[in-house]
Amino acid sequence: MTPTQLAELLGEPPVPHGSWERAAVYASAAALRSGRPPRAAAEELAARLRGRERIAGVRVRDDGFLMIEVACPGEIVREIVTAGPPRIAEPAEAPPDHPRTWDNPGFVVRYAHARAAAVERWADALGVPWDGFRPELLADPHDRAVLRLLAEPPSRGAGRDPRWAGYAERLALAYHDAHERAPAVPRGDEPVREVHTARLWLARAVRAVLSAVLATPLPERI
C-alpha cells in the first residue's frame, strides 16, 4: 500500500512516521478534519482499513490520529517507476555544484543522482536483470531508510512549505548510505541475486524523485 493509495482511502496523503527500520508506519490526521468527534471518526476510518490487503495493522491514538502500518513499503518503488513520482507544482533549484565536497548539498544531490544512474549501467554490464522486481526484498535497514524518504513527497506536496531542496539532500544522503552498504550490483565473485534487481529499481526511483523535486537538471555522470 502506497501513500497515493492510502490517500484515496483517507481523503489526504498520510505522513511517514518513524524510521521504518522495523515497521513502515504512516500517521494520518484525516479524522481530525472530518468535522466529527476525532476518536469516533478515526475508529470508523480504521475499520475501513483493517483487513485490507497490504495493510499490516491500524492503531487509533487517543488524539484521533491513525497509525497505519503497511506490509510491504517497497511497493512505493514500483509505483514511482511505473507511474512516475507525484507531480511537483514548484520544484526547487538545487544549490550550486561546486565546491564538490560533502559539505555542499548541491554536490551531494548531484552525486546521488549520478550514482543511481551508474547503477543502471553497471547492472546492465553485470547481467542484473530488470525483470522480476520483488519489493519485499528491500528489507535492509539502508534500503528502508530510502523507502521512508521516497514516501514523503505526497504529504510534503500537500503542505504549505515542502522545502524540496532540503528534502532532496536528505534523500540523497540516505541513498549514498544504501549505495555503499546495501549494493545494487554484485561485488567480487558474488552471484547475481533477486535483491540486486530490487535495488536496481530502487535506484531508478531515487533518480525519478530527485529529478521531480528539483528544477535543476541533474547529471548522469560525475
Side-chain angles (χ1 to χ4, degrees), residues 1-8 12-20 24-26 70 72-95 97 105-121 123 130 133 135 137-159 161-184 197-222:
M1 188 71 71
T2 68
T4 303
Q5 293 165 339
L6 287 170
E8 293 175 357
E12 62 182 36
V15 179
H17 178 78
S19 71
W20 282 25
V25 176
Y26 292 92
V70 298
C72 184
E75 284 290 347
I76 194 171
V77 169
R78 190 195 304 278
E79 181 176 270
I80 292 169
V81 170
T82 59
R87 183 181 175 276
I88 306 301
E90 295 184 12
E93 293 292 333
D97 186 7
F107 169 70
V108 168
V109 169
R110 288 175 175 84
Y111 188 29
H113 188 273
R115 275 183 146 180
V119 161
E120 296 199 39
R121 296 193 298 272
W130 179 257
F133 173 61
L137 295 181
L138 294 171
D140 183 274
H142 299 95
D143 295 327
R144 290 178 71 101
V146 177
L147 295 175
R148 163 67 174 74
L149 286 158
L150 290 176
E152 285 192 20
S155 55
R156 276 184 171 271
D161 185 9
R163 301 186 181 183
W164 292 123
Y167 164 76
E169 182 186 8
R170 290 172 56 227
L171 175 58
L173 287 168
Y175 184 68
H176 284 304
D177 284 344
H179 181 84
E180 293 173 5
R181 300 177 186 181
T197 294
R199 289 172 181 162
L200 174 59
W201 280 61
L202 183 68
R204 184 168 291 188
V206 168
R207 288 180 65 193
V209 171
L210 287 176
S211 293
V213 302
L214 297 175
T216 308
L218 301 175
E220 305 235 334
R221 299 175 187 268
I222 287 184

Pairs of donor and acceptor atoms involving the side chains of residues 80-94, under 3.5 Å and at least two apart or interchain, shall be tabulated with distances.
{"residue": "Thr82", "atom": "OG1", "partner": "Arg78", "partner atom": "O", "Å": "2.6"}
{"residue": "Glu93", "atom": "OE1", "partner": "Thr216", "partner atom": "OG1", "Å": "2.9"}

Write down the atom of [X], the atom of [Y], and the distance for their closest heavy-atom approach.
| X | Y | value |
| --- | --- | --- |
| Ser211 | Leu218 | N-CD1, 4.1 Å |
| Arg221 | Arg121 | NH2-CD, 3.3 Å |
| Gly74 | Leu138 | CA-CD1, 4.4 Å |
| Pro154 | Ala151 | CD-O, 3.5 Å |
| Tyr26 | Trp20 | OH-CH2, 3.3 Å |
| Arg110 | Pro95 | NH1-O, 2.7 Å |

4.5 Å side-chain heavy-atom contact, Ser155 and Pro3: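 Answer no - side chains too far apart.
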
Mind checking the [atom1]-[atom2] spacing from [X] to [Y]? Nearest 0.5 Å is all I need.
| X | Y | atom1 | atom2 | answer |
| --- | --- | --- | --- | --- |
| Gln5 | Ile76 | CD | CD1 | 9.5 Å |
| Leu202 | Tyr175 | CG | OH | 6.5 Å |
| Met1 | Glu8 | CE | CD | 9.0 Å |

Residues which pass salt bridge (Lys or Arg N to Asp or Glu O under 4.0 Å) with Asp177, listed by chain and number, not counting sequence neighbours: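 By the salt bridge (Lys or Arg N to Asp or Glu O under 4.0 Å) rule, Asp177 matches no residue at all.
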
Partners meeting side chain to side chain donor-acceptor pair (under 3.5 Å) with Ser19 (sequence neighbours left out):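 Residues passing side chain to side chain donor-acceptor pair (under 3.5 Å) with Ser19: none at all.
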
Results of side chain to side chain donor-acceptor pair (under 3.5 Å) for Glu180 - residues two or more places apart only: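 Glu180: side chain to side chain donor-acceptor pair (under 3.5 Å) contacts with Arg115.
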
Listed partners of Tyr111 passing ring pair (Phe, Tyr, Trp, His ring centres under 6.0 Å), at least two apart: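 With neighbours one apart ignored, the set is Trp102, Phe107, His176.
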
Identified side chain to side chain contact (heavy atoms under 4.5 Å, CB included) partner of Tyr167 from the options Val209, Leu210, Leu214: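 Going through the options one by one, the only one that passes is Val209.
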
Pairs touching residues 142-158 that satisfy salt bridge (Lys or Arg N to Asp or Glu O under 4.0 Å), sequence neighbours left out: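 Counting only pairs at least two positions apart or across chains, the salt bridge (Lys or Arg N to Asp or Glu O under 4.0 Å) contacts touching residues 142-158 are Asp143-Arg199, Arg148-Glu152, Glu152-Arg156, Glu152-Arg170.
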
